[in-house]
Every structure is written in structure tokens, then in C-alpha cells.
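Each remark here refers to the structure printed beneath this line.
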Amino acid sequence: MTTPTQLNPTAAGSGRNATERFAQKQRSAADVDHARVSAIATDALSALHEVIRKHQVTYDEYDALKAWLIRVGEDGEWPLFLDVWVEHVVEEVANASREGTKGSIEGPYYIPGSPEFRSEATLPMREDEKGTPFLFQGTVTDLDGEPIEDAKVELWHADADGYYSQFAPGIPEWNLRGAILTGPDGRFAFSTVQPAPYQIPTDGSCGAFIAAAGWHPWRPAHLHLKVSAPGKQLITTQLYFEGGSHVEDDVAQAVKPELILRPTPAASGTGEEVTYDFALDPAS
């Protein structure tokens with residue numbers, strides 16, 4: 001993967017952005033369920049205690065863990081760490097009863113409020129945006145197959161160098177981010193470029209964790225989406241490309257067979273295209 005010299009984002013820089021964005025999220029004002037907190041915390045700590053016993057963790061290893069945990073906070077990488085290694089299980093539990101489109105993780109790079117269009121759009125991009133032209137289109141329906149008007153389809157993805165706008169320097173604010181409101185036929189169509197596989201930041205604490213474990217830091221190329229409509233459940237998902245690098249060994253373990261795209265040459269004669277339809281469950 002080529003790294004433009006004007007970008008060269010650091011793990012700390014990307015981590016701070018992700019942490020700041022997460023801190024801006026609204027929180028529920030509901031009272032804390034102390035019994036549930038106690039039950040979850042007790043089980044989590046008991047599981048960690050068992051790991052320590054099973055592997056006979058030494059004091060040197062324990063001190064290394066404490067130092068690393070401190071560094072994760074200093075680097076601002078808690079959103080990255082949790083979204084890469086934990087979120088896929090939370091998503092699995094949260095969407096276990098969903099009948100419509102399969103979900104996947106949100107990841108740390110979602111930004112609300114992207115430019116909004118009707119029915120079809122070209123995502124904001126630089127005049128010299130690198131990458132294969134790509135048409136992503138489809139229909140939003142309910143579980144009975146009826147098209148949904150005014151469904152909101154939000155799309156964001158990395159550029160051809162694996163970087164996200166607002167998380168790497170030198171990229172326009174809304175680059176490769178946008179939302180479409182569907183028409184009466186429920187259809188949408190985005191013109192964009194194909195994203196690239198990318199490494200999660202490796203110069204910070206998460207990179208040190210990966211290196212110590214001897215793992216790889218790669219995510220396959222993917223599109224991020226949120227699809228919502230009045231009276232329907234919001235679906236957050238990611239779509240991947242058949243045959244792409246690291247589809248089989250995604251570091252975030254977020255790939256599902258139902259989320260694989262199989263693009264074909266575009267009817268326009270330039271680039272590729274694919275159709276992917278979304279079915280939304282009714283709101284609970």
C-alpha cells in the first residue's frame with residue numbers, strides 16, 4: 001500500500017480523533033442497573049483470573065500489561081482496540097434476532113452529518129481521486145420486499161491509500177462520505193471509487209500488541225453503511241469484495257459470507273459496479 005508523504009498519519013493522531021468523536025456521542029440518561037453491572041463485571045474479572053491461572057502469568061508480564069494499558073489511553077486508542085477486537089461479538093449479540101440484512105461492526109471512523117442527496121449521488125472526492133471507479137447501487141425494502149421511500153443510506157469508506165477523511169491530514173472534510181434518501185422505488189446509487197485494504201495504525205499501543213502476538217494488522221477493503229427509515233431498525237454493516245486481500249483473515253473478524261460483494265464491469269464501460277439490496281426489520 002502506497003503511503004502519500006503528505007498524509008503519514010500517526011496512531012496517536014488517529015486515536016485522538018477517534019476518542020474525541022466517541023466522546024461526542026450522546027449517552028443514555030437511564031439509571032445504572034447495578035445488578036447487571038455487577039454480574040457482567042464479575043464474570044469478566046473471573047474470566048481474566050482464570051486466564052492468569054491457566055497461563056501462570058508472572059509479575060513481569062503483569063507489569064507489562066499495566067504499562068501497555070496506560071499507553072493505550074495515552075495514545076487515545078481505546079476506540080480502536082475495542083472496535084477491532086471486541087465489537088464484532090457485541091454486534092453478533094445485538095443483531096442475533098434480525099431477519100433482514102446482516103449487520104457488522106461500525107468501527108471508529110463514522111462521522112454523522114455527511115452531505116445528503118436524493119436517489120443518486122457521486123460521493124465528494126478530490127479531482128484527482130485515485131482508485132477504480134465504482135457504482136454501488138441497490139434498493140431498500142421491508143421484510144416483505146416492499147420498497148421504502150425516504151430510507152437513508154449512509155456510505156463512508158477509505159480511499160485508495162487506506163485513509164479516512166477527518167482521521168488523516170490533507171484529505172477534504174467529507175471525502176468519500178455521503179448519504180442518499182431513497183425515492184418511491186426505494187432505490188439508491190452511489191458513484192465512488194473502490195477502497196483499498198489497509199493496516200490499522202501500528203505505530204502505537206495497538207501496533208505493539210499485534211507485534212507482540214505475532215499477528216497481522218490488515219483489514220480487507222470494505223464499504224461502511226448505515227441504513228435507516230422511520231419505523232424500521234437501523235442497520236450498521238460493512239460490505240467486502242470477493243477475492244480481496246484479507247477477506248479470509250480480517251484482523252477485526254467482521255467479515256460474514258452474506259456481506260461479500262461480487263462486482264462486474266460497469267455498464268458505462270468505466271470501472272466496476274454492483275447491486276446490493278437492503279431489507280430492514282420493523283422497529284422493536
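If you read the sequence from its start, that first residue is 1, and numbering goes on from there.
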To the nearest 0.5 Å, what is the distance between [atom1] ([X]) and [atom2] ([Y])?
X      : Y      : atom1 : atom2 : answer
Trp85  : Phe209 : CH2   : CZ    : 5.5 Å
Asp203 : Asp75  : CG    : CG    : 8.0 Å
Leu261 : Leu239 : CG    : CG    : 4.5 Å
Glu129 : Glu127 : CD    : CD    : 11.0 Å
Asp277 : Thr139 : CG    : OG1   : 4.5 Å
Phe190 : Gln137 : CZ    : CD    : 11.5 Å

Note to self: Given Leu123, which partner from the list Ile180, Thr192, Asn175, Val193 fulfils the side-chain contact (heavy atoms from CB on, under 4.5 Å) test?
What the structure shows: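 In the set Ile180, Thr192, Asn175, Val193, the residue that makes a side-chain contact (heavy atoms from CB on, under 4.5 Å) with Leu123 is Thr192.
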
Next item on the list: Show your working on side chain to side chain donor-acceptor pair (under 3.5 Å) between His224 and Tyr164 and close with a plain yes or no.
Entry: CA-CA 11 Å; His224 293 266; Tyr164 288 83; 2.7 Å; yes

Between [X] and [Y] (side chain of the first, backbone of the second, donor and acceptor by atom type, cut-off under 3.5 Å), is there such a pair?
X      : Y      : value
Asp83  : Glu87  : no
Gln233 : Ala283 : no
Ser165 : Trp174 : no
His49  : Leu45  : yes
Thr182 : Asp150 : yes
Ser38  : His34  : no

Any salt bridge between [X] and [Y], counting N to O under 4.0 Å?
X      : Y      : result
Arg219 : Asp249 : no
Lys152 : Glu116 : yes
Lys232 : Asp281 : no

Is there a donor in the side chain of [X] and an acceptor in the side chain of [Y], or the other way round, less than 3.5 Å apart?
X      : Y      : value
Gln238 : Tyr240 : yes
Lys226 : Thr236 : yes
Arg187 : Ser119 : no
Ser205 : Glu77  : yes

Notebook entry, point to check: Heavy-atom count around Glu120 CD within 6.0 Å, excluding the residue itself: above 12?
Noted result: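 It does not: Glu120 CD has 12 such atoms or fewer within range.
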
Notebook entry, point to check: Do other residues, nucleotides or ligands put more than 12 heavy atoms under 6.0 Å from the NZ atom of Lys256?
Noted result: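 Yes.
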
Notebook entry, point to check: Does the separation of the ring centres of Trp156 and Tyr110 fall below 6.0 angstrom?
Noted result: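 They qualify: ring centres under 6.0 Å apart.
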
